[in-house]
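Worksheet: the structure to be examined is printed underneath.
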Amino acid sequence: MKEKNQKVLFVLAIMFIGFNLRAALTGVGPLVSMIQSDLHLSSGATGFITTIPLLAFAAMSLLVSKISAKLGEGKTILLSFLIMAAGLLVRSYLGTAGLFLGTVLAGIGIAFGNVLLPVIIKGKFPEKAAALTSVYTASMGLFASISAAISAPLALHVGWRNSMAVWAILVVIGILFWLPFVPMKMKQEQGDAVKGLFKNPIAIWLSVFMGLQSLLFYCFVAWLPTILAVKGFDAEAAGYLFSIYQVLGIPASFITPLLAGRKNDQRWVVCLIAGAYVLGLLMITAFQVKAVIGIGVAICGFCSGCCLSIAMLMINTRASNAAVSGQLSGMSQAAGYILAAVGPSAMGVVFDMTQNWTITLTILIVIMIPLFMAGWNAAKDRKVQNPIEKG
């Protein structure tokens, strides 16, 4: 009974880590106009608030495995919670400088969880990797949507500072659930580290897939309401569709690993996702009928959740052990968030040059070709192994 209770508590702890990996970020967008007005920020400086966490993710992802190897995964997750909580409070209450510094700290804290969750799942419950991947990716999507929905209404009652700071409460709850697992430290065996990982074809394909799916998601997050406005939707309708885009990622994040995890070869899932994604993008790009565009937005939202969860699952299914999973997670997420940080800005530059969203959306459709190729090659049933394992 004790072991069963511990497993239940572990699942709850994983859920609360997932809750905290996006809520503090997606709640900022609806508050941008209030922040900009109160702190007298330029549009460029305000836009940089969205980019900072992505750059922090990219910068920290390659370092997380080294830090956790010294501290242990349990203590590293606790450290990430503490850094995250400090960042949320600093960005909310310490003025303009605090806004940027706190955003950096929050991004660093979140980066630890991004990288380590697949590692912890691989090490603790490798036979339950698909199910637990479903749990935490769906948890991420759930509170990302909740945060985006309630931040602005909450700010009208308590102010934007308190609206941003409220997510520190979620961090504290996460710490309480994680305390029993602080002593956790995965066994590190000689030869676990993979030499030449950056030259490994599987790792490269997985990194490209992670990067391109991140780029597509953050381009939609940054520009979808604007694109919908150009297509003739009023602000209310655009906001409603944007919410649908985010919400539909939740069931997709939960269902995809459960289906894909039944086989070690996930190429059939990649084919379905890529085909549906192209269809959704075409419906948004080529049509002016609002109902068709709405269906396209819904399809793209569902596919974005599928892409993230299958990427996280492949980190585990392609890794031969927890240590390799950590290296794959760090490498693929570093690449992913570098591309994600560049994507929205590049999309804006293309629009400034062309004054045509159709051209910009067409580029996203073209990006589906390397996304599919990367996913197809990363999804093959094979492992990233170290020399000792091969020998």
Side-chain angles (χ1 to χ4, degrees), residues 6 9-28 49-50 52-95 97-121 123-124 132 135-137 139-140 142-144 146-147 151 161-186 188 322 326 329-330 333-334 337:
Q6 188 179 37
L9 186 60
F10 179 77
V11 172
L12 289 172
I14 290 296
M15 289 176 64
F16 271 91
I17 295 174
F19 290 159
N20 279 286
L21 295 184
R22 291 297 179 270
L25 304 181
T26 56
V28 175
I49 297 171
T50 304
I52 287 174
L54 303 180
L55 295 176
F57 294 169
M60 290 301 300
S61 291
L62 292 173
L63 300 177
V64 171
S65 293
K66 294 180 180 180
I67 295 172
S68 65
K70 292 182 178 180
L71 298 181
E73 287 76 10
K75 290 180 181 177
T76 305
I77 288 291
L78 177 62
L79 176 64
S80 77
F81 273 132
L82 296 174
I83 294 173
M84 202 185 309
L88 296 181
L89 296 176
V90 168
R91 79 171 184 178
S92 299
Y93 298 119
L94 295 185
L99 176 67
F100 291 99
L101 175 60
T103 301
V104 171
L105 291 174
I108 290 172
I110 293 170
F112 281 94
N114 284 340
V115 174
L116 285 182
L117 267 182
V119 181
I120 292 169
I121 289 171
K124 288 282 288 184
L132 289 174
V135 167
Y136 89 78
T137 53
S139 299
M140 287 167 56
L142 175 62
F143 264 80
I146 291 173
S147 175
S151 288
R161 298 177 188 276
N162 292 326
S163 181
M164 287 208 307
V166 72
W167 301 110
I169 298 173
L170 193 63
V171 177
V172 172
I173 298 173
I175 290 174
L176 295 177
F177 274 99
W178 188 252
L179 285 177
F181 304 101
V182 170
M184 178 192 300
K185 186 175 176 63
M186 303 296 177
Q188 301 289 325
S329 185
Q333 294 197 52
Y337 290 116

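Fair warning: this is a prediction, and the values are worked out from it, not measured in the lab.
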Could you list the donor-acceptor pairs under 3.5 angstrom formed between side-chain atoms of residues 79-91 and any protein atom two or more places apart in sequence or on another chain?
from: S80; atom 1: OG; to: I77; atom 2: O; distance (Å): 2.6
from: R91; atom 1: NH1; to: A24; atom 2: O; distance (Å): 3.1
from: R91; atom 1: NH2; to: A24; atom 2: O; distance (Å): 2.8

Distance-only check: which donor-acceptor pairs under 3.5 Å involve side-chain atoms of residues 103-115, not counting sequence neighbours?
from: T103; atom 1: OG1; to: L99; atom 2: O; distance (Å): 2.6
from: N114; atom 1: OD1; to: R22; atom 2: NH1; distance (Å): 3.3

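Remark: S147 engages A23, T26, S151, W167 in a side-chain contact (heavy atoms from CB on, under 4.5 Å) (not counting sequence neighbours). Under the rule for a ring-ring contact (aromatic ring centres under 6.0 Å, His included), the partners of F181 that lie at least two apart in sequence or sit in another chain are F10, W178. Listed by chain and number, the residues in a ring-ring contact (aromatic ring centres under 6.0 Å, His included) with F143 are F19 (sequence neighbours excluded). Listed by chain and residue number, L71, V182 satisfy the side-chain contact (heavy atoms from CB on, under 4.5 Å) test with K75 (two or more places apart in sequence, or in another chain).
P118 places a side-chain heavy atom less than 4.5 Å from the side chain of Y136. F57 places a side-chain heavy atom less than 4.5 Å from the side chain of L25.
Going from atom CG of L142 over to atom OG1 of T137 covers 11.5 Å, rounded to the nearest 0.5 Å. Between the CD1 atom of I121 and the CD1 atom of I14 there is a distance of 5.0 Å, given to the nearest 0.5 Å. Note that CD1 of I17 and CG of L12 are 11.5 Å apart. Values are rounded to the nearest 0.5 Å. Note that the CG atom of L9 and the CG atom of L179 stand 10.0 Å from one another [nearest 0.5 Å].
Between L117 and G18, the closest heavy-atom pair is CD1-N, 4.4 Å. Closest approach of N20 and L170 over heavy atoms only: ND2-O, 3.3 Å. For K70 against K185, the heavy-atom pair with the smallest separation is O-NZ, 3.8 Å. Counting all heavy atoms, side chain and backbone alike, R161 lies closest to G95 at NH1-N, 4.2 Å. Closest heavy-atom contact between V166 and S163: CG1-O, 3.1 Å. Across every non-hydrogen atom of Q333 and S61, the tightest pair is CB-OG, 3.8 Å.
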Item to check | Trace of the side chain to side chain contact (heavy atoms under 4.5 Å, CB included) decision for L55 with I52 | outcome: CA-CA 5 Å; L55 295 176; I52 287 174; 5.6 Å; no
Checklist entry - Does the side chain to side chain contact (heavy atoms under 4.5 Å, CB included) test come out yes or no for N162 and Y93, once each step is laid out? => result CA-CA 8 Å; N162 292 326; Y93 298 119; 2.6 Å; yes
Item to check | Chi angles and distances behind the side chain to side chain contact (heavy atoms under 4.5 Å, CB included) call for S68, V119 | outcome: CA-CA 10 Å; S68 65; V119 181; over 6 Å; no
